[in-house]
Amino acid sequence: FSGAMVSPSLLCLFETLPCGCIVITAGQMQQTMMRQQASGRVAPRQAFSGAMVSPIAAKVSPKGRARLLAKAQAVAAPTLSKEVVDKCVNAIRFLAIDGVNKAKSGHPGMPMGCAPMGYVLWNEVMRYNPKNPKWVNRDRFVLSAGHGSMFQYAMLHLTGYDSVSLDDVKQFRQWGSQTPGHPENFVTSGIEVTTGPLGQGICNAVGLAVAEAHLAARFNKPDAPAIIDHYTYCILGDGCMMEGVSQEACSLAGHWGLGKLIALYDDNKISIDGHTEISFTEDVAKRYEALGWHVIHVKDGNTDYDALRKAIADAKAVKDKPTLIKVSTLIGYGSPNKADTHDVHGAPLGAEETAATRKNLKWEFGEFEVPQDVYDIFRSAITRGAKEEEQWKANCAAYAAKYPKEWAEFEALTSGKLPEGWEKALPAFKPEDKPLATRQHSQTMLNALAPVLPGLVGGSADLAPSNLTLMKMYGDFQKNQYAERNLRFGVREHGMGAICNGIALHGSGLIPYCATFFIFTDYMRGAMRVSALSEAGVIYVMTHDSIGLGEDGPTHQPIEHLSSFRAMPDMLTFRPAGGNETAGAYKVAVANRKRPSTIALSRQNMPNLPGTSIEGTQKGAYVIHCGCPNGKPDVILMGTGSELELAYQAAQDLEKEGKKVRVVSMPCFELFEEQTKEYKDSVLPPSITARVSVEAGTSFGWHKYLGFGGKHVGIDSFGASAPAPTLYEKFGITKAHVIKAAKEVMA
């Protein structure tokens, strides 16, 4: 180290290299090394930009370089003085304070306490390009404590994202702004996932880490530069820790050994009700150790930047476990009268306390004023990120030259475009084909699609033998088996849904599906709603869709569930009848990458009725039988799923009595509503008011199509425990009841 002053701790970086293999001049290591050492990805000769590197050093293998850098991660001192870092941290705090004050609502306390974490992560650790927020190999950041959204908007603004200008910060929580009350990925570029319902974000982070592990295992090669190699960071709070969904997902993260997931727990011991000691006294660190996580405690998250740096570096050195960094902070740090109180959690500081906080933190700048030197420091991320992305592109070129087939698959997958002709893999069925339950048809679809959709991944909440969701040609995604495509979620429905949201929003072309009994959507509805809100195209495979499941009884029999999901905005809800409609449901679900689909599937067998088709399913509702081809029908019978057969059989009997009957299959209300008025009127002519619907579920929602004079054959009470045929007879869901209703509406 010719002429360089190097602390003894830094010498460990080179202790295993051949003597004399690196020559470095004074001053060439400091600033770049301080930024890049925490990322753990930069080779020694990249870290010392401009230094002379001998041929011997150049031969050090990528794995060797990684080992050397891992040793260096926790030892470097920051190049900026503490006073300058404090200034950057306070800029985060006051953007949050001023934004919440101007909006007259919001949560300033969390950003004020977490600002040091934000500075270290965004300025020293994370790899990202503010000018290309969709760079596939960027580090991901999730704010699970989404109520503190001004923290994330401050970071996006300071680091130079075009999506959050200073004017956007000033429009926090206003109509049409880029800075809504909680982070929304579909509104603000740079936001990875939509958070707000506590606990969802950390589960999404698990999903993002699953996606990284899977793609890295599938595509990275030991003798070529890695093309997928990023970390997922998450800040979560006490509320997230209390929510059961976080336990579900973090249990899986520990089981899977997701070493590139690093969660920073904002341990401020305050919730809306007050200090958490009134309801939350468990030892979170021990719980996470029991879950299989590596746990670190930063005792002073308010001012000890070196402890934060070291904790993150230590976390990265652990490759076989996710890491929880418990960061003890003071909520509302810097506020003389509101810090460490629930008053600062969810309300503006107000003018008087803001002035006191400015004085206390020696912040001499005005409202929404950011000093230029602070901008200069944070916006070095633009140049740094561009260089990192260019280096990644160079690595991809080297990879492509060596592995052209794998690169072509990776490029196609991450383009977001579906393979040409993928839908041709979906089978078609004839009436003479064997009657099967639609859950069996679903299994056929998944296994037909798996070979032609490289991004299809998923599994069940401990019900794979019943849901029939295994892709038979692939193994299980497990620790050190990340390339496999079957996910075993265990009995964790809510966590499963939220993890799948993260996988979908990774933006790398993966298509997640997950499965359980339809009744257990009650456990995961929060995650499903976030799917619809955040444009996450998860496919929800929900079997045992009605009282037709039989003997398990009313605890397991869905009644109101179809109607509830039909009422959910931007959720496609399918109840297919037979093989063709199941194929149609999958065709639509796969094609809709920004809209989730719930496919309700039967336990009991049903025929492939004449007239059912993939094409008709894509329209949401269509005519499968019409006993009046040249005239108008006397009655329209509408049905879905297993009950469409009852409508079809009733029509045949009514036609023997001289009635003209139209049978309409309605597998997806949402798709039908998206058709032209002309098409809808052609299926359900407004002049024909004699209408009957039959579905083994509540009548709620059918009246839109029945009108005042129509009748529904279904069930508006809870079910019972008995064989399915008995239940259908006792609850009056039979061909005879459909015929009776039809005659009544025609009278």
Side-chain angles (χ1 to χ4, degrees), residues 428-438 441 546-548 575-582 584 602 604-617 619-667 672 682-685 687-697 699 702 705-707 709-715 724-747:
F429 298 85
K430 299 176 181 178
E432 56 266 28
D433 290 336
K434 180 181 178 181
L436 293 172
T438 49
H441 286 304
S546 72
I547 60 171
R575 190 169 186 250
N580 289 324
E581 290 195 355
T582 305
S602 73
Q604 70 271 39
N605 292 342
M606 66 185 77
N608 297 294
L609 293 171
T612 57
S613 69
I614 292 175
E615 295 74 22
T617 304
K619 293 183 178 295
Y622 62 109
V623 178
I624 68 161
H625 172 81
C626 190
C628 49
N630 298 316
K632 68 179 187 178
D634 297 317
V635 65
I636 298 174
L637 306 181
M638 300 172 282
T640 72
S642 47
E643 290 74 65
L644 185 63
E645 180 184 9
L646 299 179
Y648 184 80
Q649 292 173 344
Q652 292 180 315
D653 284 8
L654 287 166
E655 286 168 357
K656 291 176 183 177
E657 299 178 14
K659 302 299 183 183
K660 294 180 287 186
V661 185
R662 172 176 291 188
V663 180
V664 173
S665 178
M666 298 193 71
F672 183 57
S682 73
V683 175
L684 299 175
S687 61
I688 309 301
T689 59
R691 301 180 183 186
V692 175
S693 60
V694 54
E695 182 175 72
S699 60
W702 275 102
Y705 303 112
L706 288 171
K711 286 187 174 294
H712 179 70
V713 177
I715 175 171
T726 300
L727 292 171
Y728 272 74
E729 180 182 352
K730 295 296 183 182
F731 285 108
I733 307 174
T734 64
K735 178 181 72 171
H737 282 83
V738 175
I739 293 173
K740 180 175 180 289
K743 290 181 177 180
E744 289 174 355
V745 299
M746 285 188 289

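Computed from a prediction, not measured in an experiment: that's the story for all the values here.
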- request: Could I get the full list of ring-ring contact (aromatic ring centres under 6.0 Å, His included) partners for Y728, not counting sequence neighbours?
  value: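 Y728: no ring-ring contact (aromatic ring centres under 6.0 Å, His included) contacts found.
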
- prompt: Taking only residues two or more places apart in sequence or in another chain, which ones pass ring-ring contact (aromatic ring centres under 6.0 Å, His included) with F731?
  reply: none

Treating [X] as the side-chain partner and [Y] as the backbone partner, does any N or O pair qualify as donor plus acceptor under 3.5 Å?
| X | Y | value |
| --- | --- | --- |
| Y622 | S613 | yes |
| T734 | E729 | no |
| S602 | T438 | yes |
| N580 | F429 | yes |
| H441 | A577 | no |
| R691 | G707 | no |

Verdict with supporting geometry, S546 and R575, side chain to side chain contact (heavy atoms under 4.5 Å, CB included): CA-CA 11 Å; S546 72; R575 190 169 186 250; 3.8 Å; yes

Sub-4.5 Å side-chain heavy-atom contact between [X] and [Y]:
| X | Y | value |
| --- | --- | --- |
| P685 | K632 | no |
| L646 | V713 | no |
| Q604 | P725 | no |
| K743 | L654 | yes |

Looking only at heavy atoms, which two atoms of [X] and [Y] are closest? And how far apart?
| X | Y | answer |
| --- | --- | --- |
| A650 | I739 | CB-CG1, 3.7 Å |
| K711 | L706 | O-CD2, 3.4 Å |
| H625 | A651 | CD2-CB, 4.2 Å |
| V635 | A742 | CG2-CB, 4.3 Å |
| I636 | P633 | CG1-CG, 4.2 Å |
| E643 | A696 | OE1-N, 2.8 Å |

message: Taking E744 first and then K740, would you say they form a salt bridge - that is, a charged N and a carboxylate O separated by under 4.0 Å?
response: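 K740 and E744: salt-bridged.
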
task: Would you please test E695 and T640 for side-chain hydrogen bond (donor to acceptor under 3.5 Å, both in side chains) and show each step?
output: CA-CA 6 Å; E695 182 175 72; T640 72; 2.6 Å; yes

To the nearest 0.5 angstrom, please state how far the [atom1] atom of [X] sits from the [atom2] atom of [Y].
| X | Y | atom1 | atom2 | answer |
| --- | --- | --- | --- | --- |
| K730 | I715 | NZ | CD1 | 13.5 Å |
| I733 | I547 | CD1 | CD1 | 4.0 Å |
| M606 | E645 | CE | CD | 8.5 Å |
| L684 | Y705 | CG | OH | 8.0 Å |
| N608 | E432 | CG | CD | 9.0 Å |
| D634 | K660 | CG | NZ | 5.5 Å |

message: Using side chain to side chain contact (heavy atoms under 4.5 Å, CB included), reason through V663 and L609 one step at a time and then give a plain yes or no.
response: CA-CA 11 Å; V663 180; L609 293 171; over 6 Å; no

